[in-house]
Amino acid sequence: MKDCAKLSPPSSDLLAYRSMGFQLRPRVPARILLVNPPVPEKARWVREGRCQQRDIWGAPYPPLSLARVSAQLARAGFETRIIDAGPEGKDLGAVLNEGRSFAPGIVFLTAATPTLRSDLGWFAPALKKRLPAAKIAAMGVHVTALPEQVLSRYGALDFAVLGEPEAVALDLASALSSGGSVDPVRGIACRDERGLPRVHAPARPIEDIDSLGFPDWGKVDRAKYLMPIVGRPFTVIEFSRGCPYACGFCMAHAYGGRRIRRRSVDSMLEEIRFNLSLGVEDFLFWSELMTEDGAFLDRFLDTIIGEGLPARIRWVCNSRVDGLTAELAGRMRRAGCWQIAFGFEFGDERILRLARKGGSATLERGRRAAEAAHDAGIAASGHFVMGYPGESIETLRATAEYARSLPLTFAHFYAAAPFPGSPLFLEALEKGWLDPADVESISQDKASLRLDGLEPAAVDREIRRAYRSFYLDPRVLRRICRLPASPREFAGLAALGLRALPFLKLL
Ligand code: SF4
C-alpha cells in the first residue's frame, strides 16, 4: 500500500490497546499535531464545520474541532499539541519550526473551501517537506464532500477525515501508531496501492456528545480569543450537533449530520462551571438549532437561572427565526444571553422557499423573532444571503430593505456560496452556474454563481450597498451605541468598528 501506510515502529501493545477499545494508554505515546493552518496573507480564518470564514469581528472562534479531537487523543495516551496559526500570530515559518521541534507522527489540519489551495497546496507540502515521516490528514466540510478530488490534487495529503472528526481521528491515529492497517478505519479516505483515492465506509455518528468530555482547551491560549466589545476571553460550548433542515446554501449536514444530538443539561452546566473556575465567563453556545426544542432549552435556562449563574456569565448563540417567542426571549435574557444571531437569509418569501429554508420560517416570523429579542433586551444580529438562484436586483434590494426594517443591531450579508457539501453545489455544477475550475475559490465574501441576468459583480455591488445602507442607518447606530456597559466596552466597540470598516465595505 503506498500512502495508507504505517507509522514505525510497529507496536503489538498498541494493537492490543486498539482491540480493547482504547482502554489502555500506548506504552510509547505518539505525538500528534493539530493545526488550523496559516495563510500567505496572514489573515485569521475560522475553519469550523460549516463556518469557513475570515475573522471579521476581530474575534476568531476558539478551535473547537481541534480541541475536541485533541481531547480524544490525549485521553487515549497520545501527546498532542494545537497550533491555531492566525490567532497565535504564527506564519508558515513559525508553524514549521514548531512542528519540527514537536516532531509529530501525525498532523491533523483543518481545511476550508476558500483557503483550500493554500491549506493543501501551500501549507501541507511545506509541512511534508519539513516532516517527511509525518502523515498528514485534513478535516472539514470540503474534504468530506470531495475526498477523491482533494487526494488526487494534493499529493502532500495522506488522509481525509470525513464528517465529524473525533472518533475517526482517534481510530486513524490508533491504527497508524499501532502499525496496524487503516483498512478497518471508517470515515476516512486515503490512497490505495496504486496511489488512487479510496473512500472508506462512513463513520457512525457519535451518539453521545457528552461522552467526548470537554475540549482540550489547556492546549490553547485562551487569551487570544476575546469576545468582541466585551473584550474578555470567551469559549465555545457545544450545545447540540446536527441539523435536519436542508437549506440549499448550507453544508452543515456534511459535517454534523442531519440528526440532532443534544448534550445533557448536567454536562453543559459542568462545562460552564469548569470554565468559570478558569476565569472564563463569556460563552458562545454552539448549536445549529438552539431554540428548536423549547422543553430542552427551558430546562437548560431554568437550571442556569436556578443556580444564580446569570450574575456571572454572559452568552451569545445562533437561532433559526421560527423557534423564538417573546416569552422565551425574556427567559434567555434572564439567563445571561445578550446576543442572538438569526438566519433570516432573504427578504423575499419566494426566495426563502426556493432556498428551502423550511420549518415555519417566513419574513413575518423573522420579524417577530427579531422584535422578541430586541424587546427582551437582547441584541439581534441578522445573517443574510444574496445572489441565490432565482434572485434579481429587486430581491437583493428587498433583502437589504428587510434587514433595515428589523430591529437589528448587527447584520452580515454574504454572497450565496455553492460550497461543496451544500445542495446548491451540485445544482450549480449541473446547471452551469459554477465553473468547475472555480470550486476551490468559492467564498461567501465574493459572489461566484453565474446566473442569468445576475452577474457576480452585481451581487457584490448590492452587498456593499446593503452594508452601507444598514450601518449608516441612525437607528442601527443608536442600537450599537447602546451596547457597551462600561467605558472599557465602549473602547472595545470603537476598536471593533474600526477593524470592521473594510469588511463592511464602508471603506
Ligand atoms: S437550518 Fe438551514 S442554515 Fe441553519 S444549519 Fe440547518 S441547514 Fe444550515
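Both ligands and their constituent atoms are indexed starting at 1 by order of listing.
Given atom 2 (Fe) of ligand 1, the protein heavy atom at minimum distance is Cys247 SG, 2.3 Å. Scanning the protein heavy atoms around atom 1 (S) of ligand 1, the nearest turns out to be Arg320 NH1, 3.4 Å. Of the protein's heavy atoms, Cys250 SG, 2.3 Å lies nearest to atom 8 (Fe) of ligand 1.
In Lys219, the NZ atom is crowded: over 12 heavy atoms of neighbouring residues, nucleotides or ligands sit closer than 6.0 Å.
The residue from Phe300, Trp286, Trp315 that alone fulfils the ring-ring contact (aromatic ring centres under 6.0 Å, His included) condition with Phe239 is Phe300. Of the listed residues (Val220, Val280, Leu278, Leu64), just one forms a side chain to side chain contact (heavy atoms under 4.5 Å, CB included) with Thr235, and that residue is Val280.
Within the 2.8 Å limit, His253 places no N, O or S atom next to atom 8 (Fe) of ligand 1. The distance from atom 6 (Fe) of ligand 1 to the nearest N/O/S atom of Cys243 is under 2.8 Å.
When side chains are defined from C-beta on, Leu406 counts as touching Arg367, because their heavy atoms get closer than 4.5 Å.
Counting heavy atoms closer than 4.0 Å to ligand 1, residue Lys357 contributes side-chain atoms (C-beta onward) but none from N, CA, C or O.
Look at Glu207 and Arg259 and you find a salt bridge, because one of the NZ, NE, NH1 or NH2 atoms lies within 4.0 Å of a carboxylate O, short of that distance.
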